[in-house]
Enquirer: 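Sharing a structure, written as structure tokens. Questions coming.
Letters go in sequence order (proteins before strands), and every chain restarts at 1. Model, not experiment: these values are computed from the prediction.
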Amino acid sequence: EAGVAQSPRYKIIEKRQSVAFWCNPISGHATLYWYQQILGQGPKLLIQFQNNGVVDDSQLPKDRFSAERLKGVDSTLKIQPAKLEDSAVYLCASSLTDRGMVSSKAFFGQGTRLTVV
Amino acid sequence: AQTVTQSQPEMSVQEAETVTLSCTYDTSESDYYLFWYKQPPSRQMILVIRQEAYKQQNATENRFSVNFQKAAKSFSLKISDSQLGDAAMYFCAYRSASLTSGSEKLVFGKGTKLTVNP
């Protein structure tokens with residue numbers, strides 16, 4: 001079975017530039033998550049989608065970060081403009097969970113390592 | 001807000017020996033899930049084991065088992081017969097079981113780096 005696909009694997013940009021990450025979840029998974037993992041820390045949720053609707057974006061820095069999940073399948077996360085502190089691994093995950101269902105297992109992609117110089 | 005604390009930044013174990021990784025958490029909820037994830041250098045988070053808070057029996061998955069102490073808010077991971085492939089970062093994580101908000105975010109600790117010595 002195909003897993004969660006993310007691209008690119010690595011990205012180096014200068015501060016104030018823009019960058020976009022792409023995620024394709026496991027087929028049929030209703031829920032998609034974007035996590036930010038800064039070096040030496042555990043991942044932190046940025047945004048959660050249920051199909052193409054946003055469920056939780058309370059920790060998303062909305063002045064510079066945006067995300068969309070058109071048609072409820074793949075998703076893009078954008079940073080504009082980037083800051084040095086945005087250097088991190090950006091992990092995408094997906095799960096079958098839909099409202100009212102018992103929570104199901106989240107599957108993670110291999111992430112995108114972003115370096116802002 | 002829920003918090004997860006892993007007090008051991010690094011641990012090491014000899015191959016075939018047993019090691020225990022510690023995790024404590026803070027929550028006011030009565031129903032929730034706890035997880036241990038493994039993150040190898042490939043960066044992909046892999047679920048190792050899951051525990052539902054309402055279950056008193058400790059979860060077990062082959063060589064991996066947990067010691068869940070709900071009153072103490074403690075959730076440790078025991079790895080038996082350690083193998084070289086177990087070397088990785090291990091993260092403890094919490095997730096609310098509430099379905100009312102719909103948010104199913106995982107709250108992670110800072111991780112423990114496990115080294116397995118041959």
Enquirer: Let me check something: do Val19(B) and Leu77(B) share a hydrophobic cluster, defined by ILVMFWY side-chain heavy atoms less than 4.5 Å apart, either directly or through other members?
Expert: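 Looking at the clustering, Leu77(B) is in the same group as Val19(B).
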Enquirer: Is Gln39(B) in contact with chain A via its backbone, its side chain, both, or neither, using a 4.5 Å heavy-atom distance?
Expert: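 Just the side chain, heavy atoms under 4.5 Å.
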Enquirer: Pick one of side chain, backbone, both or neither for Gln59(A), based on which atoms fall under 4.5 Å of a heavy atom in chain B.
Expert: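 Looking at Gln59(A), just its side chain touches chain B.
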Enquirer: Mind ranking Gln6(B), Met89(B), Met45(B) by heavy-atom pairs under 4.5 Å with chain A and telling me who comes out on top?
Expert: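 Greatest number of close heavy-atom pairs with chain A: Met45(B).
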Enquirer: Are there over 12 heavy-atom neighbours, none belonging to Lys78(B), within less than 6.0 Å of that residue's NZ?
Expert: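 Open: at most 12 neighbouring heavy atoms sit under 6.0 Å from NZ of Lys78(B).
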Enquirer: Report, as yes or no, whether the 6.0 Å neighbourhood of atom NZ on Lys55(B) holds more than 12 heavy atoms from other residues, nucleotides or ligands.
Expert: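 Not more than 12 within 6.0 Å, no.
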Enquirer: Quick one: does any side-chain atom of Arg43(B) pair with a main-chain N or O of Arg9(A) as donor and acceptor, under 3.5 Å?
Expert: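 Confirmed, Arg43(B) side chain pairs with Arg9(A) backbone.
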Enquirer: Treating Gln44(B) as the side-chain partner and Gly111(A) as the backbone partner, does any N or O pair qualify as donor plus acceptor under 3.5 Å?
Expert: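 No; zero donor-acceptor contacts below 3.5 Å.
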Enquirer: Is there a continuous path of hydrophobic side-chain contacts, each under 4.5 Å between heavy atoms, that joins Val4(B) to Leu34(B)?
Expert: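 Yes, Val4(B) connects to Leu34(B) through the hydrophobic network.
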Enquirer: Got more than 12 heavy atoms from elsewhere within 6.0 Å of CD, Gln80(A)?
Expert: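 Atom CD in Gln80(A) is not packed in, count stays at 12 or less.
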Enquirer: Considering residues, nucleotides and ligands other than Gln56(B), do more than 12 of their heavy atoms fall under 6.0 Å from its CD?
Expert: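 For Gln56(B), atom CD is not crowded (no more than 12 foreign heavy atoms under 6.0 Å).
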Enquirer: Check the hydrophobic clustering (I, L, V, M, F, W, Y; side-chain heavy atoms under 4.5 Å; chains of links allowed) and say if Leu45(A) and Trp34(A) are grouped together.
Expert: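 Result: no, two separate clusters.
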Enquirer: Taking only heavy atoms into account, what residues of residues 58-66 of chain B are found under 4.5 Å from chain A?
Expert: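 The list, in residue order, is empty: none.
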Enquirer: Roughly how far, to the nearest 0.5 Å, is the NZ atom of Lys110(B) from the CD1 atom of Ile38(A)?
Expert: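 One finds 10.5 Å between CD1 of Ile38(A) and NZ of Lys110(B).
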Enquirer: Can you tell me how far the CD1 atom of Ile46(B) sits from the CZ atom of Phe108(A), to the nearest 0.5 Å?
Expert: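 Answer rounded to 0.5 Å: 11.0 Å.
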Enquirer: Under 4.5 Å between side-chain heavy atoms, counting indirect links through other Ile/Leu/Val/Met/Phe/Trp/Tyr residues: same cluster for Phe49(A) and Phe107(A) or not?
Expert: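 No; tracing contacts between hydrophobic side chains, which count when under 4.5 Å, never links both residues.
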Enquirer: What do you reckon, is CG of Leu39(A) surrounded by more than 12 foreign heavy atoms closer than 6.0 Å?
Expert: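 Not more than 12 within 6.0 Å, no.
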Enquirer: Counting only heavy atoms not in Ile12(A), do more than 12 sit closer than 6.0 Å to its CD1 atom?
Expert: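 No.
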Enquirer: Answer with side chain, backbone, both or neither: which region of Leu106(B) has an atom nearer than 4.5 Å to a non-hydrogen atom of chain A?
Expert: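 For Leu106(B), backbone and side chain are both near chain A.
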Enquirer: List the atom of Gly42(A), the atom of Phe108(B), and the distance in Å for their closest heavy-atom pair.
Expert: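 Between these two residues, the closest heavy atoms are CA-CB, 4.1 Å.
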Enquirer: For Gln37(A) versus Phe91(B), what's the shortest heavy-atom pair and its separation?
Expert: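 Closest pair (atom of Gln37(A), atom of Phe91(B), distance): NE2-CZ, 3.3 Å.
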Enquirer: If you count heavy atoms of other groups shown closer than 6.0 angstrom to NZ of Lys11(A), is the number above 12?
Expert: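 No, the 6.0 Å shell around NZ holds no more than 12 heavy atoms from other groups.
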